[in-house]
Amino acid sequence: MGVVVVRDTRLVQTAVIGDEHSDVPVVLPTEAIELDAFRRAHPHDTWTWR
């Protein structure tokens, strides 16, 4: 019996702070209750998905 190799072809998007050339990833809160504090900590940041 041969070995079957399945390639993962899913695409992953990463949110970054700034523009599409930024290397500063966004680490989002894992709990919904933490989201308001996160937004207050980053009031002037621009979010880009790449």
Side-chain angles (χ1 to χ4, degrees):
M1 196 175 239
V3 176
V4 176
V5 177
V6 178
R7 184 173 168 200
D8 187 350
T9 60
R10 294 175 289 178
L11 299 177
V12 176
Q13 287 188 329
T14 303
V16 295
I17 296 175
D19 63 22
E20 66 271 13
H21 304 291
S22 175
D23 289 327
V24 182
V26 175
V27 179
L28 297 174
T30 57
E31 300 294 326
I33 198 166
E34 299 170 341
L35 186 55
D36 288 335
F38 178 81
R39 288 180 173 158
R40 283 192 301 272
H42 302 278
H44 303 291
D45 289 329
T46 301
W47 313 103
T48 302
W49 296 95
R50 63 179 215 177

For this session: Identify, with sequence neighbours excluded, every residue that meets side chain to side chain contact (heavy atoms under 4.5 Å, CB included) alongside V4.
Result: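 V4: side chain to side chain contact (heavy atoms under 4.5 Å, CB included) contacts with V6.
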Exercise. By side chain to side chain contact (heavy atoms under 4.5 Å, CB included), which residues pair with P25, not counting sequence neighbours?
Worked result: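 By the side chain to side chain contact (heavy atoms under 4.5 Å, CB included) rule, P25 matches T14.
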For this session: Flag the pair V26 / F38 as yes when at least one side-chain heavy-atom distance between them is below 4.5 Å, and no otherwise.
Result: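 Side chain of V26 against side chain of F38, heavy atoms only: contact under 4.5 Å found.
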